[in-house]
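Written below as structure tokens is the structure these notes are about.
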Amino acid sequence: MEREQDNIINDITSGEYKYGFYTDIETEKIPKGLNEDTIRLISEKKGEPEWLLEFRLKSFRHWLTMKMPGWAHLKIPEIDFQDIIYYAAPKQEPAPESLDDIDPELKKTFDKLGIPLEEQKRLTGVVAVDAVMDSVSVKTTFKETLAELGIIFCSFSEAVREYPDLVKRYMGTVVPYTDNFFAALNSAVFSDGSFCYIPKGVRCPMELSTYFRINAANTGQFERTLLVADEESYVSYLEGCTAPMRDENQLHAAIVEIIAEKNASVKYSTVQNWYPGDREGRGGIFNFVTKRGICRGDNSKISWTQVETGSAITWKYPSCILRGDNSTGEFYSVAVTNNHQQADTGTKMIHIGKNTKSTIVSKGISAGHGQNSYRGLVKVLKNASNSRNFSQCDSLLLGDKCGAHTFPYLEVDNQTAIVEHEATTSKIGEDQIFYCNQRGISTEDAIGLIVNGYAREVLNKLPMEFAVEAQKLLQISLEGSVG
Amino acid sequence: MNGKSGVSDFFSRLYYENIGRIGESSTPIINSFRKEAIEKFNLLGVPTKKMESYKYTNLETFFRHDYQSYFIPEASHFRKAEEFRCDVTELDAHGIVLMNGFYPTINGKLRELPGGIIIGSLNAAARKYPDLIEKHYGKYARSDSDGLIHLNTAMVPDGVFIFVPRGSVPGKPVQVVNLVDSEQDTFDQHRKLIIVEENAECSLIICDHTMSPQRFLTNAVLEIHVAENSSFDLIRVQNEHNNACKVTHTFIHQERNSRVTSGIITLHGGLVRNNTYHRLNGEGADCNSYGLSLADKWQHIDNYVSVDHASPNCTSNQLFKGVFDDVSTGAFNGRIHVAPDAQGTVAYQKNNSILLTDQARMDTKPQLEIYADDVKCSHGATVGQLDNDALFYMQSRGIDKRQALLMLMFGFAHEVTRNLKVDALRERIDGLIMQRLRGELSQCASCMVKCV
Amino acid sequence: MLSIKNLEAGINGKMILKGINLEIKAGEIHAIMGPNGSGKSTLAAVLAGRDFIEISGGTVTYMGNDLLQMAPEDRSKEGIFLGFQYPVEIPGVSMVNFIKTAVNEHRKHRGLAPLSASDFLKLMQEKKELVEIDSKLANRSVNEGFSGGEKKKNEIFQMAMLEPKLAILDETDSGLDIDALRIVANGVNRLRKPDNASIVITHYQRLLDYIIPDVVHVLYDGRIVKTAGKELALELEEKGYDWIKQELYNHN
């Protein structure tokens, strides 16, 4: 019985990465290496205004004074920052006017990934997509429809050109370039990304989505997302990501900034499926991401949902600064580490305003030799009266070579606050599997069922069409892993 | 990444200037550890807030202070030690008093009790039983991060030795009273080595007291070896004044099927940092680690607890609670580490704190690090206030609000104390807690210091 | 004994009691029935002095005093007992210590000396038998780990210990099996005296087979809409609360 389970686990976990193909497309790259000239070159290629170049250079100079953070529960190999290409773009000049102008290879790539560049209605609902390959945005769909409501949804580069005042006003206000090593690096070399502005009183009628694809070899991807929800507005935003299979490690260091004004509500969902490396731990993406939102206005809300199944190493802590009174922060996470994947992920909830509430639900799943850590900070400042936090951080272990770790930090400086943290770690119950077996369910299916049941609370928070994908992804990521 | 600073240099210099004198009054075995220890200390230094495990506790002010006395025992104070009587009259225990880290000569330096039990001075034991000391001394107190453990090993003058031989079951507990008493501000280091052999039992009570109002800094290391099928209970009651800083490092090493209960009750103290390291080194070992902190004024109490499940099928349970009044602050660092082969581990950890004022503060950091899959581990932490529903329930039975609050706080604390195994002492501690919660002085009657 | 006039109260700005009038005399048992959400538990909580309920109008006079001005513990000491629908668990506080403190507070209020340990134990023994409560419960923390039935029996035990003048039993029957129900009811009946009174709040008629009320009130949408003798309970049981709603509708 035990043996058989091990075999099945093995089969399940050895599932191949579906998105590992490479698109042979002409790519414009700049030479490897990082110095002020690289940054000037990137800025020049993008035709950026002087103020943005200045911001980049300031960030770069600050980055030079910083060291890579060593506190995470991760084994990170030495990264040679001079051995990375900081800008790569699919060649297509001039910028595509319509869908027909897009390189058919490119279109095929996104089709293969299941990302429609056509503005078609999918059965499950309408999603506007900004597709980013390597360093640049390829296409943003439904722009016109959204524009009618005053919603701005475009690539970051376009936003810099078309809406410089908005970008200037908000960029770097939530994640300053001094924030951490990777944020400084991103601020210096970021290539593209998405920009989104929801005007006062508008409920965005469709899901907005950015799809990131690393294609070129030896390149790093450094995108930036800036999402501003003005007063009384609502938006649900999704991001997805994949990369080809390569033996080398590739660096992804992104920044996401969210600003929620008074009574605004933002839901940000991520399905992260970067190439995780092979079964021996060769290759895979280093995913070092800084995501943070600020509930600036009263009664605002930011909700993060993430399903993290990819990347060789994940280092990310989507956070909420709860500054407005009665504001709410949420973090729902499922993180899977299989084979030799490592993840150190969690959140920070900073309670500044009165009556602020935060909820953290984190479900870690470790298999193979995977190491999965939850790291979270709940900080209640002196004036945050009647703040509430509840955290539930569970870990599930599949197999005896993996690890699950929990590092919560609770810092409470207000007497009226109530902060609660609970965590459990356990393996999948043999009695549960047996119970399923007894009802005629195979061990493999039983494990799938149990894992999905375990992650349900988080998956339920995803927009419907993504929940189904995430569920499948979860099963694929764990193929060959369960014990 | 170390906390090396001017303060560390000072202590390092202190070592090199005084090692001759320290060595003379000590024994070759203990001296043989000093050189390596000071070198490690030189590397690590006095912990600072930059260190993850000392993130919430600033030792700097106490370590930077210029103490007038660093190791010289004041012979005259031994008289006070001889006169000291624990006021828990119902408590029947083998008593030892340690004065400023030294073992005063009361009934000789070593006592042999029925059943082959030996208690007494560590130095004396090192002379008389070198094999025993050699086998255990310095074997459990190890750290790659905390320089203070090495500072203790480098310069410790003396301490307490307790030996319970195979199969021996002492009828009553051993009580060690640590007194600090000086007309000068004093830095005190001492050490305890407790060996409980196979199939034996030992119950140890440690009381920490300050006898004079001077500024004190104590850095104490406790090494305990609990052999197969043995049981060991430790109760530590800390009751020092607000001008004292106490740092303790307790290492409890457990072999197969051994059982350990450890309870640290901190009633009073200026700055208290207790490090408790449990290592479950043999299959089937069981460990319970409890702590209770009651702080007011500007006190700071920090408990660091590490439970290392190094063997399969061990069980552990941590319960630490705190009540923080006025501008006091608290911290809890709990860690459960489950080694790759430690299958069948069951480990729990709980930290609950209550803040009574808006100036009080609590930082808590319960951690799980798990490398085996067949485990049941959980932890929980809460910071909040007393339960309003419970308060109303009690009021609706006619109990006035103040009394109800007191009972609730006492009940909150009692969840820890009810686990203490020495009945006479538990009742006394409950009494002290009640007094403490009422805001009355909670010093033992024999204490001369009236802390305010 | 108790006189409620035009009582209005709510929670978080939402009005729940919309003008309650009720007179209770010594020796009487009143049943208050009503559908869920009609305000039964809110009324009980107001009488016991729960502070999150905002009182926006009306008066409550108890034994000639303004009840609403009294602290919860003073109401208790003056003889008001609330049997909670959901008795609270108080970890770490032993049942013995809890009830001893309560009894002695009551005694102090009446100018009596605290009970000696042996007298107290004797009293406890006697009362425990009344509700057939397990001796072991007394040594555990208040309500902690008690089953639903044990919690309710424990409420009646405390009532026996404190000998109230006015007992308010809030859904004491909910979650009880028929044996536990009989024990609880038996306890209540044996504690009945000519100079005390009870308010029995219940959703079902079942409890009233065992505790025979003198008066039955129906509370609906924050008002007492019908008052009659014990036969009203049976009628309600038979016709359900919709009947009342219908009748009200017809009146309007």
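Computed from a prediction, not measured in an experiment: that's the story for all the values here. Side-chain atoms are counted along with the backbone in the values below, which use heavy atoms only and exclude waters and symmetry mates. Chain letters run A, B, ... following the sequence lines, proteins first, then strands; residues in each count from 1.
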Measure distances from [X] to the heavy atoms of chain B and classify the residue's part below 4.5 Å as side chain, backbone, both or neither.
X: C/Val103; answer: neither
X: C/Pro164; answer: neither
X: C/Ala48; answer: both

Between C/Ile55 and the options C/Leu17, C/Val60, C/Val46, the side chain to side chain contact (heavy atoms under 4.5 Å, CB included) test singles out C/Val46
d(B/Leu408 CG, B/Leu406 CG) to nearest 0.5 Å is 9.5 Å
So CG of B/Leu405 and CE of B/Met394: to nearest 0.5 Å the spacing works out to 9.0 Å
Is there a donor-acceptor contact under 3.5 Å linking the side chains of [X] and [Y]?
X: B/Asn275; Y: B/Arg273; value: yes
X: B/Ser203; Y: B/Asp233; value: no
X: B/His278; Y: B/Ser289; value: yes

Under 3.5 Å, which donor-acceptor pairs link chain B to chain C? Give each pair on its own line with the distance.
residue  : atom : partner  : partner atom : Å
B/Asp389 : OD1  : C/Arg50  : NH1          : 3.0
B/Asp389 : OD1  : C/Arg50  : NH2          : 3.2
B/Tyr393 : OH   : C/Asn143 : ND2          : 3.3
B/Tyr393 : OH   : C/Glu155 : OE2          : 2.2
B/Tyr393 : OH   : C/Gln158 : NE2          : 3.2
B/Gln395 : O    : C/Glu73  : N            : 3.3
B/Gln395 : NE2  : C/Glu73  : OE1          : 2.7
B/Ser396 : O    : C/Ser76  : OG           : 3.2
B/Arg397 : O    : C/Ser76  : OG           : 3.3
B/Arg397 : O    : C/His106 : NE2          : 3.1
B/Arg397 : NE   : C/Gln158 : OE1          : 2.4
B/Arg397 : NH1  : C/Leu82  : O            : 3.0
B/Arg397 : NH2  : C/Leu82  : O            : 3.2
B/Arg397 : NH2  : C/Glu155 : OE1          : 2.7
B/Gly398 : N    : C/Ser76  : OG           : 2.8
B/Lys401 : N    : C/Glu73  : OE2          : 3.1

Taken in chain and number order and not counting sequence neighbours, the residues that satisfy side chain to side chain donor-acceptor pair (under 3.5 Å) with B/Thr266 are B/Gln238
Can you find a heavy atom in the side chain of B/Leu294 that is under 4.5 Å from one in the side chain of B/Leu437?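 Heavy-atom side-chain distance check passes, below 4.5 Å.
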Interface check, chain C: of B/Ala413, B/Ala390, B/Gly398, most non-hydrogen pairs under 4.5 Å belong to B/Gly398
